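One-based numbering along the sequence shown. On a predicted model such as this, the values are computed, not experimentally measured, just so you know.
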Amino acid sequence: MYGNVVRRANSSSQWMLRQAVDPFVTEARKKGYVARSAFKLSYIDDRFGLFDPKQSKTVIDLGCSPGGWCQVIRERTNPQCKIIGVDLLPVRATVTNAVCLQGDFTTAPLQRKVLQELDGNLVDVITSDMCPNRQGGTQDRQRIAELQHRALLFSIPLLKEGGHFVCKVLGSKASFLEVHRLSERYFLKTHICKPPASRPESDEYFLVSAQKLASPRAVAGGPGSRRSDVSYGLDDWPGFSRRPRTRR
């Protein structure tokens with residue numbers, strides 16, 4: 001018991017020391033961001049052009065707490081662009097014209113709230129910086145891959161043609177192969193990048209699904225690829241309360 005307390009204290013001290021010397025933490029405080037992760041989304045937008053200040057009308061941010069990504073989205077879209085944030089935890093940041101829904105995005109009640117907020121409109125960009133609590137080992141990669149696979153399935157029916165999806169992944173491409181295959185099927189281009197704000201020792205990367213296609217395309221795949229070969233109709237969504245229809 002005493003050893004566990006000492007390890008937790010040491011871990012906390014190491015985290016505080018790392019934060020104190022982290023240039024992204026210092027810069028985040030200067031700019032008023034609630035988290036250093038804001039610079040990850042800024043980099044991704046600079047590189048891939050997710051947000052259009054004139055055209056973006058609706059953006060969804062999954063796993064939005066504490067609110068750093070919502071702050072960046074607000075800066076890079078017009079004031080009329082609606083931001084819908086979803087998280088299990090409350091949001092610290094105050095963002096104009098943003099609605100923060102607290103709950104699990106995989107549940108039908110929360111999905112109904114999202115649909116109510118959209119009021120029949122499609123979405124320009126959906127971002128997901130979600131990550132389950134780290135437990136160590138390969139199970140972390142498996143758990144986040146499954147979570148982001150669900151996030152992408154959630155997003156596909158909501159995104160407009162030409163819309164974008166971004167999510168956090170861990171490890172090599174083999175760790176999130178299902179997500180990558182699904183992205184290639186529904187989007188024109190799929191990129192994997194590591195922003196400078198992602199620490200070098202971290203196994204964190206971001207998958208960028210750019211320009212949603214008007215209709216899905218066939219993507220060559222090996223064993224396990226059938227799971228991504230699905231489509232959704234308007235009556236099928238919210239999708240996690242019903243089984244997807246297999247394409248024939």
Side-chain angles (χ1 to χ4, degrees), residues 8-56 58-102 124-134 140-141 144 147-148 151 164-171 176 191-210:
R8 285 197 296 268
N10 289 339
S11 178
S12 177
S13 298
Q14 292 171 3
W15 181 86
M16 292 177 65
L17 178 61
R18 185 174 64 177
Q19 292 292 96
V21 299
D22 189 321
F24 289 103
V25 172
T26 302
E27 191 65 17
R29 290 170 180 160
K30 290 180 180 178
K31 291 182 175 292
Y33 294 141
V34 295
R36 67 187 298 284
S37 60
F39 294 107
K40 300 174 186 178
L41 185 59
S42 297
Y43 171 84
I44 295 171
D45 183 43
D46 288 342
R47 181 171 174 182
F48 300 106
L50 303 178
F51 308 111
D52 187 326
K54 296 182 179 180
Q55 300 297 325
S56 296
T58 309
V59 178
I60 295 177
D61 183 22
L62 300 175
C64 63
S65 182
W69 278 31
C70 286
Q71 289 177 305
V72 173
I73 295 167
R74 176 76 296 142
E75 288 178 354
R76 295 182 173 231
T77 58
N78 62 78
Q80 287 71 43
C81 177
K82 185 172 187 177
I83 302 171
I84 302 173
V86 179
D87 204 298
L88 294 171
L89 302 174
V91 176
R92 296 205 321 260
T94 300
V95 181
T96 58
N97 201 19
V99 176
C100 297
L101 304 176
Q102 190 169 349
D124 297 275
V125 184
I126 297 181
T127 61
S128 172
D129 194 28
M130 295 184 295
C131 186
N133 292 330
R134 302 292 290 264
D140 285 343
R141 298 178 180 181
I144 192 172
L147 182 65
Q148 301 299 13
H164 313 301
F165 172 80
V166 179
C167 71
K168 178 189 293 185
V169 291
L170 301 178
F176 50 90
H191 310 276
I192 301 170
C193 72
K194 188 177 182 70
S198 292
R199 293 187 172 95
E201 68 274 15
S202 171
D203 60 350
E204 170 189 83
Y205 294 87
F206 288 87
L207 183 141
V208 181
S209 305

**Request:** Looking only at non-hydrogen atoms, find the nearest pair between V169 and F206 and report the distance.
**Result:** CG2-N, 4.3 Å
**Asked** About how many Å separate SG of C193 and CD1 of I44, when rounded to the nearest 0.5 Å?
**Response** 4.5 Å
**Request:** State, yes or no, whether a side-chain contact exists between I83 and V95 at a heavy-atom distance under 4.5 Å.
**Result:** yes
**Message:** Looking at V59, is its backbone amide N or carbonyl O close enough to the side chain of D124 to form a donor-acceptor pair, meaning the two atoms are under 3.5 Å apart?
**Reply:** no
**Message:** With a 3.5 Å distance limit and no angle check, can you tell me whether D203 reaches the backbone of L170 through a side-chain donor-acceptor pair?
**Reply:** no
**Message:** What I want to find out is whether D22 reaches R36 closely enough, with some N-O distance under 4.0 Å, to be called a salt bridge.
**Reply:** yes
**Asked** Rounded to the nearest 0.5 Å, how far does OG1 of T127 lie from CH2 of W69?
**Response** 5.5 Å
**Request:** Taking all heavy atoms of D129 and all of S37, pick out the closest pair and write down the distance.
**Result:** OD2-CB, 4.0 Å
**Message:** As a quick check of understanding, evaluate side-chain contact (heavy atoms from CB on, under 4.5 Å) for Q102 and L88, giving each step before the final call.
**Reply:** CA-CA 5 Å; Q102 190 169 349; L88 294 171; 5.8 Å; no
**Asked** Is it true that a side-chain atom of S198 and a backbone atom of K194 form a donor plus acceptor pair closer than 3.5 Å?
**Response** no
**Prompt:** Given side chains that start at C-beta, do those of L50 and L41 come closer than 4.5 Å, heavy atoms only?
**Reply:** yes
**Message:** For F24 versus P196, what's the shortest heavy-atom pair and its separation?
**Reply:** CE1-O, 3.6 Å
**Message:** Looking at R76 and D46, is there a salt bridge between them, counting it only when a charged N and a carboxylate O are closer than 4.0 Å?
**Reply:** yes
**Fill in**
Rounding to 0.5 Å, atoms CD1 (I144) and OG (S128) come to a distance of 7.5 Å
**Fill in**
In terms of heavy-atom contacts, G68 and V34 come closest through N-CG2, 3.3 Å
**Short side-chain to backbone donor-acceptor contact, D87 and S65, under 3.5 Å** = yes
**Request:** To the nearest 0.5 angstrom, please state how far the CG atom of D140 sits from the SG atom of C131.
**Result:** 7.0 Å
**Item:** Step-by-step side-chain contact (heavy atoms from CB on, under 4.5 Å) determination, D45 to V72
**Value:** CA-CA 9 Å; D45 183 43; V72 173; 5.8 Å; no
**Asked** Does any non-hydrogen side-chain atom of N78 lie less than 4.5 Å from one of F51?
**Response** no
**Message:** Can you give me the closest heavy-atom contact between A210 and H164, atom names plus distance?
**Reply:** CA-ND1, 3.5 Å
**Complete:** In short, A35 meets P66 closest at the heavy-atom pair CB-CG, 3.9 Å
**Q71 side-chain N/O to G32 backbone N/O, donor-acceptor pair under 3.5 Å** = yes
**Request:** Take F176 and Y205 through the test ring-ring contact (aromatic ring centres under 6.0 Å, His included) and record every step on the way to the result.
**Result:** CA-CA 11 Å; F176 50 90; Y205 294 87; 7.8 Å; no
**Item:** F48 and H191 aromatic centres sub-6.0 Å
**Value:** yes
**Item:** K168 bridged to E204 by N-O distance under 4.0 Å
**Value:** yes
**Request:** Return yes if some donor-acceptor pair links the side-chain N/O of Q148 with the main-chain N/O of M130 below 3.5 Å, else return no.
**Result:** yes
**Asked** Measuring from I84:CD1 to L62:CG, what's the distance to the nearest 0.5 Å?
**Response** 10.0 Å
**Complete:** Separation between CZ (R74) and SG (C81), nearest 0.5 Å, reads 5.5 Å
**Request:** Could you tell me whether a side-chain N or O of D61 sits under 3.5 Å from a main-chain N or O of G85, the two making a donor and an acceptor?
**Result:** no
